[in-house]
Amino acid sequence: MKLSDLIKNIKPLSFVGDTEKDITGVEIDSRKIKSGNLFAAIKGTQADGHKFIPKAIELGATAILCEEIPETRVEGVTYVQVASTETAVGTVATTYYGQPSKKLQLVGVTGTNGKTTIATLLYNMFRRMGHRCGLLSTVCNYIEGEAIPADHTTPDPIELNRLLAQMVEAGCEYAFMECSSHAIAQKRIGGLTFTGGIFTNLTRDHLDYHKTFENYRDAKKAFFDSLPKAAFAITNADDKNGLFMVQNTKATVKTYSTRTVADFRARILESHFEGMYLDIDGREVGVQFIGKFNVSNLLAVYGAARMLGKERDDILLVLSTLKSVSGRLEPVYSPDGYTAIVDYAHTPDALENVLSAIHDVLNGKGHVITVCGAGGNRDKGKRPLMAQEAVRQSDKVIITSDNPRFEDPDDIIADMIAGLTPQQMKKVVKITDRREAIHTASMLAQKGDVILVAGKGHEDYQEIKGVKHHFDDKEVLREVFGIK
């Protein structure tokens with residue numbers, strides 16, 4: 001592709017060099033540069049990409065997208081100056097890959113909790129309805145059944161457009177993706193055309209990056225502000241920020257609720273650990289999920305499918321066959337008659353939802369033992385809140401290590417218990433080693449009890465001092481239970 005065609009939609013401030021040259025690829029990582037590539041120098045949170053321009057040129061870059069044209073320039077290299085590389089690169093990437101999002105029905109899901117579940121269920125539902133689909137999620141990316149490992153909730157704009165282009169090439173009609181607050185704030189989804197957007201809920205998270213709750217909230221809202229008029233925006237009317245999210249969108253707004261008047265409604269008729277019976281828009285349906293928060297997730301899926309043109313009864317039929325996403329309220333049954341639940345809950349709100357779901361099923365007939373921790377190098381303010389929530393809804397709490405990253409796990413545990421009273425501490429045991437903590441919970445459990453192992457869900461590693469060590473909560477539980 002000619003450089004002039006690649007930059008025609010970004011309004012450069014200036015350029016130096018030939019813009020009629022052929023560009024063989026676009027990269028934001030200088031280490032990936034190949035001959036003939038354009039290197040986009042982004043001023044990131046960790047490093048300024050402008051420092052890597054010489055390295056990119058050394059590896060073969062023949063064009064540079066930047067905010068500041070270097071004083072020392074290399075002959076034969078074209079420099080394109082823009083006001084914000086972060087803003088421009090998404091448009092450049094989607095142009096290079098042939099506007100793949102315009103050739104798909106692309107639906108984005110944003111919010112604190114539920115993104116993975118909703119996006120994955122939509123992907124599974126539409127595949128079962130006979131459509132070729134793509135998925136971009138925290139757990140794994142998929143192109144019509146082919147798994148592609150995911151490193152971030154939302155890939156960088158180059159990788160994102162590359163994946164979407166591969167979906168188009170594979171004949172996909174639909175793509176469903178999680179849109180994290182980081183991705184929205186960092187313009188990773190810039191230049192994409194969405195058919196629809198879904199808002200799940202908003203609670204405290206990622207304040208280590210966004211600094212304030214308002215910044216976090218506004219990052220989510222920016223996604224809906226950018227939706228085109230032809231798109232739909234489905235929002236959770238049960239969340240206090242639900243209507244705020246869509247107040248400035250040009251898209252067609254629809255609401256879902258388990259409590260109030262909305263376009264899509266549901267209520268629980270019956271609940272067991274194996275699933276629930278629901279009333280959705282006047283039809284009864286059995287689903288293989290538990291918890292009120294999952295009713296909201298299923299409603300979002302139902303609403304999106306309706307907005308994508310599917311009939312109610314067809315949607316409910318498929319909905320009844322779908323199963324939970326890996327590491328989300330996933331049960332491991334003990335031969336001794338108690339149940340362990342593995343869940344990704346790593347925020348106070350998510351922990352509250354999962355524990356409430358467990359109590360709804362137990363109905364006072366068993367004890368709850370919670371094993372939880374908090375991630376290192378992340379928002380410290382939520383640590384005591386998580387401990388408080390665990391203590392409030394559990395008979396026993398074992399506070400342990402999660403992904404300590406570059407922090408001392410004992411310091412993280414100390415932050416968690418700092419907000420507990422001496423009376424609350426009577427319920428708490430501190431065991432730094434996560435494997436030992438899970439073993440201890442199993443020794444405390446009796447027939448009819450439930451162990452919640454929270455925080456890591458689908459993850460099969462523990463990140464310690466920059467190294468990912470293999471660790472899978474489900475594997476440890478099966479080992480404890482003697483299940484092969």
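Phe244 CZ to Thr235 OG1: the interatomic distance, rounded to the nearest 0.5 Å, is 11.0 Å. Gln288 CD to Ser324 OG: the interatomic distance, rounded to the nearest 0.5 Å, is 10.0 Å. A distance of 10.0 Å separates SG in Cys179 from CD1 in Ile198, rounded to the nearest 0.5 Å. Once rounded to the nearest 0.5 Å, the distance linking OG1 of Thr255 with CG of Leu243 reads 7.5 Å. To the nearest 0.5 angstrom, Leu477 atom CG is 7.0 Å from Ile451 atom CD1. Within the model, atoms CG of Asp239 and OG1 of Thr203 stand 8.5 Å from one another, a figure rounded to the nearest 0.5 Å.
Two residues are said to be in side-chain contact when any heavy atoms from C-beta on lie closer than 4.5 Å; Leu308 and Phe232 meet this criterion. Using a 4.5 Å cut-off on side-chain heavy atoms (C-beta onward), Met125 and Val301 make contact. Contact check for Tyr344 versus His458: side-chain heavy atoms found under the 4.5 Å cut-off. Residues Glu146 and Gln166 fail the side-chain proximity criterion, which asks for heavy atoms closer than 4.5 Å. Contact check for Phe199 versus Tyr256: no side-chain heavy atoms found under the 4.5 Å cut-off. Counting heavy atoms from C-beta on, the side chains of Leu355 and Ser394 come closer than 4.5 Å. When side chains are defined from C-beta on, Val332 does not count as touching Thr339, because their heavy atoms never get closer than 4.5 Å.
Arg405 is linked by a side chain to side chain contact (heavy atoms under 4.5 Å, CB included) to Asn377, Arg378, Asn403, Glu463, counting only residues two or more places apart in sequence or in another chain. Applying the side chain to side chain contact (heavy atoms under 4.5 Å, CB included) test to Thr95 and every residue at least two apart in sequence or in another chain returns Met1, Leu6, Asn9, Thr91, Gln99. With sequence neighbours excluded, the residues that form a ring pair (Phe, Tyr, Trp, His ring centres under 6.0 Å) with Tyr123 are Tyr142. With sequence neighbours excluded, the residues forming a ring pair (Phe, Tyr, Trp, His ring centres under 6.0 Å) with Phe176 are Phe126, listed by chain and number. Every residue was checked against the salt bridge (charged side-chain N to carboxylate O under 4.0 Å, His left out) condition with Asp395, not counting sequence neighbours, and none meets it. Shown here are the ring pair (Phe, Tyr, Trp, His ring centres under 6.0 Å) partners of Tyr461, two or more places apart in sequence or in another chain: there are none. Here Asn297 pairs with Asn294 under the side chain to side chain donor-acceptor pair (under 3.5 Å) rule; sequence neighbours left out. Arg312 pairs by the side chain to side chain contact (heavy atoms under 4.5 Å, CB included) definition with Asp281, Arg283, Tyr302, Arg306, Leu316, not counting sequence neighbours.
Remark: the Gln462 side chain and the His470 side chain contain no N/O donor-acceptor pair separated by less than 3.5 Å. At a cut-off of 3.5 Å, with distance as the only test, a side-chain donor of Asn113 or Asp349 sits close to an acceptor on the other residue. A donor-acceptor pair shorter than 3.5 Å can be found between the side chains of His131 and Glu173. Inspection of the Thr94 and Lys102 side chains reveals no N or O donor paired with an N or O acceptor under 3.5 Å. For the residue pair Arg328/Thr116, the side-chain donor-acceptor check at 3.5 Å is satisfied.
Salt-bridge formation is not detected for the pair Asp343/Lys456: no Lys NZ or Arg NE/NH1/NH2 atom is positioned less than 4.0 Å from an Asp or Glu carboxylate oxygen. Taking the charged nitrogens against the carboxylate oxygens, Lys43 and Glu86 have no contact shorter than 4.0 Å, which rules out a salt bridge. With salt bridges taken as basic N to acidic carboxylate O contacts below 4.0 Å, one links Arg392 and Glu389.
Sorted by first then second residue, the salt bridge (Lys or Arg N to Asp or Glu O under 4.0 Å) pairs that include residues 221-236, not counting sequence neighbours, are Lys221-Asp225. Counting only residues at least two apart or in different chains, salt bridge (Lys or Arg N to Asp or Glu O under 4.0 Å) contacts with residues 158-171 comprise Glu27-Arg162, Glu159-Arg162. Judged as a salt bridge (Lys or Arg N to Asp or Glu O under 4.0 Å), the pairs with a partner in residues 117-132 (not counting sequence neighbours) are, in order, Arg127-Glu144.
Side-chain atoms of Asp415 never come within 3.5 Å of backbone atoms of Lys380 as a donor-acceptor pair (strictly under, hydrogens ignored).
Crowding of Tyr333 atom OH: a count of heavy atoms from other residues, nucleotides or ligands under 6.0 Å exceeding 12.
Two rings, from Phe194 and Phe223, have their centers less than 6.0 Å apart.
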Side chains of residues 266-275: which donor-acceptor pairs under 3.5 Å do they make with residues two or more places apart or in other chains?
unit_1: Glu270; atom_1: OE2; unit_2: His272; atom_2: NE2; d: 2.8

